[in-house]
Amino acid sequence: MNPDLTLPFPAEALIPHRPPMRLIERLLSFKNGIGIAESISFHETSLFDTESSFKLCIYTELMAQAFAAVQGYHNLLRSIPVQRGFLVGIRNMTLLDEAHDPGRILILTTIQSAFGGFVIADGEILCKEKPIASGSIKLWAPDSAKPKTEP
């Protein structure tokens, strides 16, 4: 592997989002289609100080950005430019618990399937190793291949 792509890797180089909409800080790990990203500090944005119903939207966006970081990293490993993708569906998003003064949280994404540029990924948001939200997202990344394994 190219030493310049050693994990953890800054999300800024992997996803098109920029502050204040970039909610993840870095990709911590990626292997066999599973990625773990770390959020920015909750204290760096007021987006996290919201009602529970809006938190599900934020957590969904965290999952989408975590997947985008995985896909971007996978592309860079193959010397392919980072591509744009689009969140096109959300299923079974559940708020499991509140994040009490979390600082940073972890976002786990697992790719379930890919077909014709569409990817379905499961996501889980963890605060201090405790699940606080989970669900599935569908994304359209037309110019990218499914990230299966780390080379």
Side-chain angles (χ1 to χ4, degrees), residues 7-42 44-78 80-99 102-150:
L7 292 170
F9 198 80
E12 179 178 35
L14 301 173
I15 64 175
H17 304 75
R18 295 294 170 251
M21 286 309 300
R22 186 180 36 136
L23 301 178
I24 63 170
E25 190 68 33
R26 59 192 181 149
L27 181 65
L28 300 177
S29 69
F30 164 61
K31 189 172 185 179
N32 298 324
I34 300 171
I36 300 175
E38 181 180 49
S39 77
I40 62 171
S41 171
F42 269 48
E44 292 177 33
T45 178
S46 61
L47 286 175
F48 297 111
D49 297 328
T50 62
E51 297 297 321
S52 293
S53 59
F54 189 60
K55 282 183 183 171
L56 282 176
C57 295
I58 300 299
Y59 294 157
T60 301
E61 180 62 22
L62 282 168
M63 288 179 199
Q65 287 187 27
F67 172 79
V70 167
Q71 185 66 58
Y73 185 75
H74 178 66
N75 285 351
L76 289 179
L77 288 173
R78 297 178 302 139
I80 297 172
V82 172
Q83 304 291 322
R84 288 187 180 256
F86 304 91
L87 176 63
V88 295
I90 304 164
R91 185 174 31 179
N92 301 325
M93 283 300 297
T94 306
L95 186 60
L96 304 168
D97 198 0
E98 289 292 324
R104 295 176 187 269
I105 61 174
L106 299 180
I107 306 97
L108 173 70
T109 59
T110 305
I111 296 163
Q112 293 304 317
S113 61
F115 47 95
F118 289 93
V119 176
I120 295 177
D122 291 335
E124 187 172 43
I125 308 290
L126 305 167
C127 176
K128 299 179 182 172
E129 300 182 15
K130 182 179 178 184
I132 58 171
S134 67
S136 294
I137 55 176
K138 181 191 275 186
L139 305 112
W140 183 48
D143 299 322
S144 300
K146 179 182 176 189
K148 287 186 174 180
T149 59
E150 181 179 6

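Note that the numbering runs from 1 along the sequence shown for the chain. Everything numeric here is computed off the predicted structure, so don't read it as measured data.
Atoms CD1 and CG, from I125 and D97 in turn, are 13.0 Å apart once rounded to the nearest 0.5 Å. Here CE of M63 is found 10.5 Å from OG1 of T110. Values are rounded to the nearest 0.5 Å. Atom CZ of F67 sits about 13.5 Å away from atom CG of L108, to the nearest 0.5 Å. Put simply, CG on L62 and CD1 on I137 are 10.0 Å apart, with the number rounded to the nearest 0.5 Å. Taking CD1 from I120 and OG from S113, the interatomic distance works out to 4.0 Å, rounded to the nearest 0.5 Å. Taken from SG in C57 to CD1 in I90, the straight-line distance is 6.5 Å, to the nearest 0.5 Å.
Annotation: side-chain contact (heavy atoms from CB on, under 4.5 Å) contacts of S136 (sequence neighbours excluded): R91, D122. Applying the salt bridge (charged side-chain N to carboxylate O under 4.0 Å, His left out) rule to R22 yields no partners; only residues at least two apart in sequence or on another chain are considered. Residues that satisfy the side-chain contact (heavy atoms from CB on, under 4.5 Å) test with T94, not counting sequence neighbours, are L96, S134. When the side-chain contact (heavy atoms from CB on, under 4.5 Å) test is applied to F86, the partners found at least two apart in sequence or on another chain are V88, W140. For L126, the side-chain contact (heavy atoms from CB on, under 4.5 Å) test picks out L106, E124, P131, with sequence neighbours left out.
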Show me, pair by pair, the donor-acceptor contacts under 3.5 angstrom made by side chains of residues 9-17, not counting sequence neighbours?
| from | atom 1 | to | atom 2 | distance (Å) |
| --- | --- | --- | --- | --- |
| H17 | NE2 | E61 | OE2 | 3.3 |

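The two residues Q83 and N75 come nearest to each other via the heavy atoms CG-ND2, 3.8 Å. The heavy-atom pair separating L7 from F30 by the smallest distance is CD1-N, 3.6 Å. When all heavy atoms of G35 and V70 are compared, the closest pair comes out as CA-CG2, 3.6 Å. What you find for L27 and A69 is that their closest heavy atoms are CD2-O, 3.9 Å. When all heavy atoms of S39 and I107 are compared, the pair lying nearest together is N-CD1, 3.8 Å.
A donor-acceptor pair is defined here as one N or O able to donate and one able to accept, closer than 3.5 Å; such a pair exists between the side chain of Q65 and the backbone of L23.
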Would R78 and L76 satisfy side-chain contact (heavy atoms from CB on, under 4.5 Å), going step by step from the backbone distance to the final call? CA-CA 5 Å; R78 297 178 302 139; L76 289 179; over 6 Å; no

